[in-house]
Amino acid sequence: MRCPKCSYHKSSVVDSRQAEDGNTIRRRRECEECHARFTTFERVEALPLLVIKKDGTREQFSRDKILNGVIQSAQKRPVSSTDIENLISRIEQKVRTAYENEVSSTVIGNLVMDELAELDEITYVRFASVYKSFKDVDEIEELLQQITNRVRGKKKSNLNDETH
Ligand SMILES: [Zn+2]
């Protein structure tokens, strides 16, 4: 890891801590030549995670693929890139814990939708409409009904919190 200021190749670690996603180590380093301080993020390489697609072929789990899909759905919505990064990290962790090395693309799609439903309803509907590629209007109505129920459920639990 070269110093970003003077390019010297040796640095010492001043501080080291785990980032929020649990898979990344954040390190404060100090250049041994010019003493400039900089931060590095090191990802812990886990076993490759394979996604089984609908046609039965497999591909590597890709954070970028989910990221792109969610960013498109979240356009002009109050969803930050940190929100999305954290969301993907949670999904990756869930999948690795529950499915080890192989998981179907359907499971991942459903996990993304669960997360988005909690994060932002509009983003959720947009993502779902692309992901599920609705066959007809009935399916959209059904989805909207589910969201309405979710939102009502949330409001109800908020009310309950206030009364207690
Ligand atoms: Zn330096």
Between [X] and [Y]: side-chain donor-acceptor atoms closer than 3.5 Å:
X	Y	result
T40	R29	yes
D64	S62	no
S16	R28	no
N86	S89	no

Walk me through it: do V112 and F127 pass the test side-chain contact (heavy atoms from CB on, under 4.5 Å)? CA-CA 9 Å; V112 175; F127 184 88; 3.5 Å; yes
Interatomic distance, [X] atom [atom1] to [Y] atom [atom2] [nearest 0.5 angstrom]:
X	Y	atom1	atom2	result
D114	R90	CG	CZ	11.5 Å
K65	I108	NZ	CD1	9.5 Å
T106	L111	OG1	CG	11.0 Å
R58	S105	CZ	OG	11.0 Å
R2	F38	CZ	CZ	11.0 Å
R77	L119	CZ	CG	10.0 Å

Just by distance, do the side chain of [X] and the backbone of [Y] share a donor-acceptor pair under 3.5 Å?
X	Y	value
D83	S80	yes
T57	K53	no
R26	T24	no

Using the side-chain hydrogen bond (donor to acceptor under 3.5 Å, both in side chains) criterion, which residues pair with E30? Sequence neighbours excluded. H35, R37
side-chain hydrogen bond (donor to acceptor under 3.5 Å, both in side chains) partners of R126, counting only residues at least two apart: none
Got more than 12 heavy atoms from elsewhere within 6.0 Å of OH, Y99? no
How about NZ on K94, more than 12 heavy atoms from neighbouring residues, nucleotides or ligands closer than 6.0 Å, or not?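 Count over threshold, so yes.
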With side chains defined as the heavy atoms from C-beta onward, is the minimum distance between [X] and [Y] less than 4.5 Å?
X	Y	answer
V103	R96	no
E115	I91	yes
C6	C31	yes

Return the minimal non-hydrogen interatomic distance between V51 and S104, and the atom names on each side.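 That closest heavy-atom pairing would be CG1-C, 4.3 Å.
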Show your reasoning for whether side-chain contact (heavy atoms from CB on, under 4.5 Å) applies to C3 and C34. CA-CA 9 Å; C3 168; C34 75; 3.9 Å; yes
How far apart are the C-alpha atoms of R63 and E85, what are their side-chain angles, what is the distance that settles it, and do they pass the side-chain contact (heavy atoms from CB on, under 4.5 Å) test? CA-CA 9 Å; R63 290 176 67 91; E85 278 291 336; 2.9 Å; yes
Chi angles and distances behind the side-chain contact (heavy atoms from CB on, under 4.5 Å) call for Y124, S73: CA-CA 8 Å; Y124 169 64; S73 308; over 6 Å; no
Find out if a path of hydrophobic residues (ILVMFWY) with successive side-chain heavy-atom gaps under 4.5 Å connects [X] to [Y].
X	Y	value
L50	I66	no
I52	F61	no
I71	M113	yes

With a 4.0 Å cut-off on N to O distance, would you call E33 and K5 a salt bridge?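 No, this pair does not count.
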Could you point out which residue of I122, I84, V70, L116 forms a side-chain contact (heavy atoms from CB on, under 4.5 Å) with V79?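 With V79 as partner, I122, I84, V70, L116 yield a single side-chain contact (heavy atoms from CB on, under 4.5 Å), made by I84.
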